[in-house]
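No experiment lies behind these values; they were computed from the predicted model shown.
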Amino acid sequence: MRCFFTASLVIASLAGYVYGHRQVAPSAQDEGRVGYRRKSLGFGPEHPHAVFRSSPFQVTTNGFTPQDASMDPLDIARIFVEDVLIGQAATGSSYKIRSDSYTDKNTGVTHVYVRQLVNGLEVADGDMNINIKDGMVLSYGNSFFNGIAPEPFSNPAINTLRDPRQEACDQLFQSFTNLQRANVVDSEQIIMAQASRSDEATHELQHLLESNCAPVELAEHHFSEDIADFRPALLKFMATATPDPKLALDITDRFEHHRDSMIITPTSHFAPSLGEHSVEFTVDNVPDSVNPVKAKLAYIQVPNKAGDMTELHLVWKFEVEMQDNWYEAAVSASAPHQIISVVDWASDAPVPKPPQVAPATYNVFKWGINDPSVGNRSIEKENYDVLASPIGWHSVPFANDPSFKGAVPQKEFYRNTTTTWGNNVFAQENWEGQNAFISNYRPDAGNDRSFHYTYDPQETERPDAMDEAQKYINTTIAQLFYTTNLVHDLYYRYGFDEVSGNFQQYNFGRGGAQNDAVIANAQDGSGFNNANFMTPPDAGIVIHELSHGLSTRLTGGPANSGCLGWGEAGGMGEGWGDFLATTIRSNRNYSDYAMGSWAANREQGIRNYPYSLNETVNPSTYKTLDKPGYWGVHAIGEVWAEILWVVANKLIEKHGFSHDLFPPAPLEDGTVPTDHFYREDKKASLVPRHGNSLIVQLVINGMKLQTCRPSFFDARDAIIQADQVLTGGENFCELWDGFAARGLGQDATVRNRTPWVEESGLTDTLFLGLPKLKRKREDIL
């Protein structure tokens, strides 16, 4: 029987692989094939004590009472932390309020982000987010460590703690067994229908093993007894993280050479007002890194063997930029330097007047056309939003332009470009699959900036696909630039602005960090670009990928990129992308939508089911996550997106449908007219009046409210609270009806959460839920 044979064969082959501790080097043929995935590490410990509280009853029962509405929200946050929660945290625990806290200018909610300190060091996963308005704490999330603080610069024995990676990998074969059983059925016809899905699932599991389950072990004499010497810990991580097996062997064979070649620069400082010690270094000459590594001493919480509480473990926290990965990793500071968690990520000044130039034009599939199967190209104007992109799409300040070299012209602040290079996005080819982008090719449309290029690709055999695609590189890049800018402007108008962490080179004096425009590579030669056939970017997939940046920056605050690293949180990162892409392409006449049909050349698309209100077409519920094959973040995200799709249509049924998701342009005085887009009541907040625009607003506002590392329940509760803040709770029943319809009602439960392993990254993300500690979900409507 084919399915049984395939699973058994893979189990046998992988068993030898795992225990051999060797990485499989991808062949050139592998890198060019559809479905090839880059190596990516991603896993971390559970937080059994973490909570998200979103009801007034849950907040006030902790003993906190509302404060004067005129008080500074940061002062209210301090009172809340000190009077209510700090007593539940570890003895000797303190905290700092992070500088990326901000007030949402539309809702008036202040989002305060707090990091725990113990013995003067950061607890890397000791997070609180507190949402405050009018003197009241609306909700909060808390994962502060609440056990006994360790002695400074000491560690519990590593064998007394649960190892998130080892526990996952030890049970990986059980996952194969469960998958195997699920596919052994009596009907040969059903077997053949399921075969391709089984093959895909086993391939995902194999990739997870290859990426996450073969850590390189150091020889005992390589360990350092000095906790301050992070070099062995860093080399163990690099040997495990590199996709090059030859380099991994070289690191272990020539350990002393690589260790002694590192150039270390201290960047330590002490902040006595916060009681914070920051022991930090930058490290050059680290093998396989493309920029200096940042190293910082910190604590991380690791569950004990029973899994009912956590203990603090002293770690070196590394930020490592590699060719195809950007890691935040925590490695035990004491021998044997266990890798405990990994996440893979991909000013007040006068604002000069915007440049006066004619808008560019593009021959593209316009906004709303998902792919070539549903429409033709047309000439579209640079229709930028003046609030989101005040200087248009093709300008960037000289001071913020990484490509500009030389003297800045006198009296000139902005540089106007004639290529796909601007304040929001840098778009270019990436045929070499490298991380360098500044000098890569991009079309130059001349002074009239008319990006009009032909597009007539012919069907070709796979070996010739790249040559055929490269003929149309100008069209591809122009399309990518156009779509990415529109996504930037759309999300900006729904609240993804500078202070909440959006992506721009220059922030116009509006606050927030800058110099982080999106780097959009077209026709990526590394083999793991979502558009593997190198056609012009499919809009749904581009929007999906850009939405990763939205959810990552909004969840847990702009400066905390580790909140969607694994578990249900990692799955929702995928789900929000699918949901927003599907909402953007939908129209007034309801229909089902598959994700990535055109790119995959398959009607069903790249997910298990199309998004549909018909349970026969898409039967996904929260309990679906218990089924074999639902360990990958795309599958988990598919369930979350389906739930949101049902919720959205409850709101559309009540409020109707807007043909345009873009809010109206502001008037000359800067005010935003309602123009039948927003409700005309006298509420201070701008409230979208239609169901499809309202759900986009609630989903984005919910991301701001929810806790770091949210569960499905946390994200659900945050969306419901977002409606309470925005409308006074007018859609309470519709929202609960929508969630309950797909198994996430008020009485839904989950028991025995498992650890999760995942791969993270903006191009392709997977994770693994392990069945030995089976999650039990109850679908109660």
Q: Would you check if Ile263 and Val283 make a side-chain contact, meaning some heavy-atom pair closer than 4.5 Å?
A: no
Q.
Looking at Pro150, is its backbone amide N or carbonyl O close enough to the side chain of Asn119 to form a donor-acceptor pair, meaning the two atoms are under 3.5 Å apart?
A. yes
Q. Taking it one step at a time, do Leu234 and His337 satisfy side chain to side chain contact (heavy atoms under 4.5 Å, CB included)?
A. CA-CA 9 Å; Leu234 179 54; His337 305 303; over 6 Å; no
Q. Side-chain contact, heavy-atom cut-off 4.5 Å: Ser332 with Leu314?
A. no
(Q) Parallel, tilted or perpendicular, judged at 30° and 60°: which one describes the rings of Tyr113 and Tyr102? (A) tilted
Q) Are side-chain heavy atoms of His313 and Ser334 found at a separation under 4.5 Å? A) yes
Q) Can you tell me how far OG1 of Thr707 sits from CG of Asp714, rounded to the nearest 0.5 angstrom? A) 6.5 Å
**Q.** Separation of Asp284 CG from Thr265 OG1 (nearest 0.5 Å)
**A.** 6.0 Å
Q) Between the main-chain N or O of Val343 and the side-chain N or O of Glu328, is there a donor-acceptor pair closer than 3.5 Å? A) no
Q: Go through Arg510 and Asp497 one step at a time and tell me if the salt bridge (charged side-chain N to carboxylate O under 4.0 Å, His left out) criterion holds.
A: CA-CA 9 Å; Arg510 297 167 173 172; Asp497 55 11; over 6 Å; no
**Q.** Point-to-point distance, once rounded to the nearest 0.5 Å, from CG of Leu312 to OG1 of Thr310
**A.** 6.5 Å
Q. Is the number of heavy atoms from other residues, nucleotides or ligands under 6.0 Å of Glu151 CD greater than 12?
A. no
Q: Using modelled atom types only, decide if a donor and an acceptor are shared between the side chain of Asp229 and the backbone of Arg231 within a distance under 3.5 Å.
A: yes
Q: Evaluate side chain to side chain contact (heavy atoms under 4.5 Å, CB included) for Thr552 paired with Thr555, printing each intermediate quantity in order.
A: CA-CA 6 Å; Thr552 299; Thr555 302; over 6 Å; no
Q) Taking C-beta and beyond as the side chain, do Asn515 and Gln504 meet within less than 4.5 Å on heavy atoms? A) no
**Q.** Side chain proximity check, Glu311 to Ile300, heavy atoms < 4.5 angstrom
**A.** no
Q) Quick check: does any side chain N or O of Glu321 sit under 3.5 Å from a backbone N or O of Ser289, one acting as donor and the other as acceptor? A) no
Q | Atom pair CD1/OG1 of Ile132 and Thr103 - distance to nearest 0.5 Å | A | 9.0 Å
Q: Could you tell me which residues satisfy salt bridge (charged side-chain N to carboxylate O under 4.0 Å, His left out) with Arg259, sequence neighbours excluded, listed by chain and number?
A: none
**Q.** Whether Trp316 side chain and Ile227 backbone form a donor-acceptor pair below 3.5 Å
**A.** yes
**Q.** Criterion salt bridge (charged side-chain N to carboxylate O under 4.0 Å, His left out) on Arg553 and Asp516, from CA distance to verdict
**A.** CA-CA 12 Å; Arg553 286 280 174 93; Asp516 60 355; 3.0 Å; yes
(Q) Please determine whether side chain to side chain contact (heavy atoms under 4.5 Å, CB included) holds for the pair Glu319 and Val293, giving the CA-CA distance in whole Å, both sets of side-chain angles, and the decisive distance to 0.1 Å. (A) CA-CA 6 Å; Glu319 290 184 22; Val293 171; 5.9 Å; no
(Q) Between Asn129 and Gly556 (side chain of the first, backbone of the second, donor and acceptor by atom type, cut-off under 3.5 Å), is there such a pair? (A) no
**Q.** Separation between OG1 of Thr267 and NZ of Lys294, rounded to the nearest 0.5 Å
**A.** 8.5 Å
(Q) Go through it in stages, so that I can follow the logic: the residues are Val331 and Ile340, the test is side chain to side chain contact (heavy atoms under 4.5 Å, CB included), and I'd like the CA-CA distance, side-chain angles, deciding distance and then a yes or no. (A) CA-CA 6 Å; Val331 184; Ile340 294 176; over 6 Å; no
Q: Please assess Lys296 against Glu122 for the test salt bridge (charged side-chain N to carboxylate O under 4.0 Å, His left out), listing each intermediate value before the final yes or no.
A: CA-CA 9 Å; Lys296 180 177 182 179; Glu122 272 195 3; 3.4 Å; yes
Q. Just checking, any donor-acceptor pair under 3.5 angstrom between side chains of Gln505 and Gln514?
A. no
Q.
Nearest 0.5 Å, please: how far is CE in Met322 from CG in Asp288?
A. 4.0 Å
Q) So, Tyr299 versus Phe145, ring centres under 6.0 angstrom or not? A) no
Q. With side chains defined as the heavy atoms from C-beta onward, is the minimum distance between Asn146 and Ser93 less than 4.5 Å?
A. no
Q. Aromatic rings His222 and Phe255: how do their planes relate, parallel, tilted or perpendicular, breaks at 30° and 60°?
A. parallel
Q: Assess the side chains of His257 and Asp250: does a donor N or O sit below 3.5 Å from an acceptor N or O?
A: no
(Q) Are Pro287 and Leu235 packed together at the side-chain level, in the sense that at least one heavy-atom pair is separated by less than 4.5 angstrom? (A) yes
Q. Would Lys704 and Asp104 pass as an ion pair if we require N to O under 4.0 Å?
A. yes
Q.
Counting the benzene-type ring for Trp, do Phe318 and Tyr327 have ring centres under 6.0 Å apart?
A. no
Q: Any chance you could lay out the side-chain hydrogen bond (donor to acceptor under 3.5 Å, both in side chains) test for Asn131 and Ser139, step after step, and finish with the verdict?
A: CA-CA 5 Å; Asn131 304 304; Ser139 58; 2.8 Å; yes
Q.
Test your reading of the model: is there a side-chain donor-acceptor pair from Ser101 to the backbone of Arg98, 3.5 Å cut-off?
A. yes
Q: Mind listing the closest non-hydrogen atom pair of Tyr506 and Asn400 along with its distance?
A: CD1-OD1, 3.9 Å
Q) Would a distance-only check, ignoring hydrogens and angles, find a side-chain to backbone donor-acceptor pair under 3.5 Å from Asn507 to Ala513? A) yes
(Q) So His111 and Ser500, do their side chains get closer than 4.5 Å, heavy atoms only? (A) no
Q: Identify the residue among Glu82, Arg78, Gln116 that makes a side-chain hydrogen bond (donor to acceptor under 3.5 Å, both in side chains) with Tyr95.
A: Glu82
Q) Do the rings of Phe503 and Phe496 sit parallel, tilted or perpendicular, given the 30° and 60° boundaries? A) perpendicular
Q) Checking Arg709 side chain against Asp125 main chain: does a donor-acceptor pair fall under 3.5 Å? A) yes
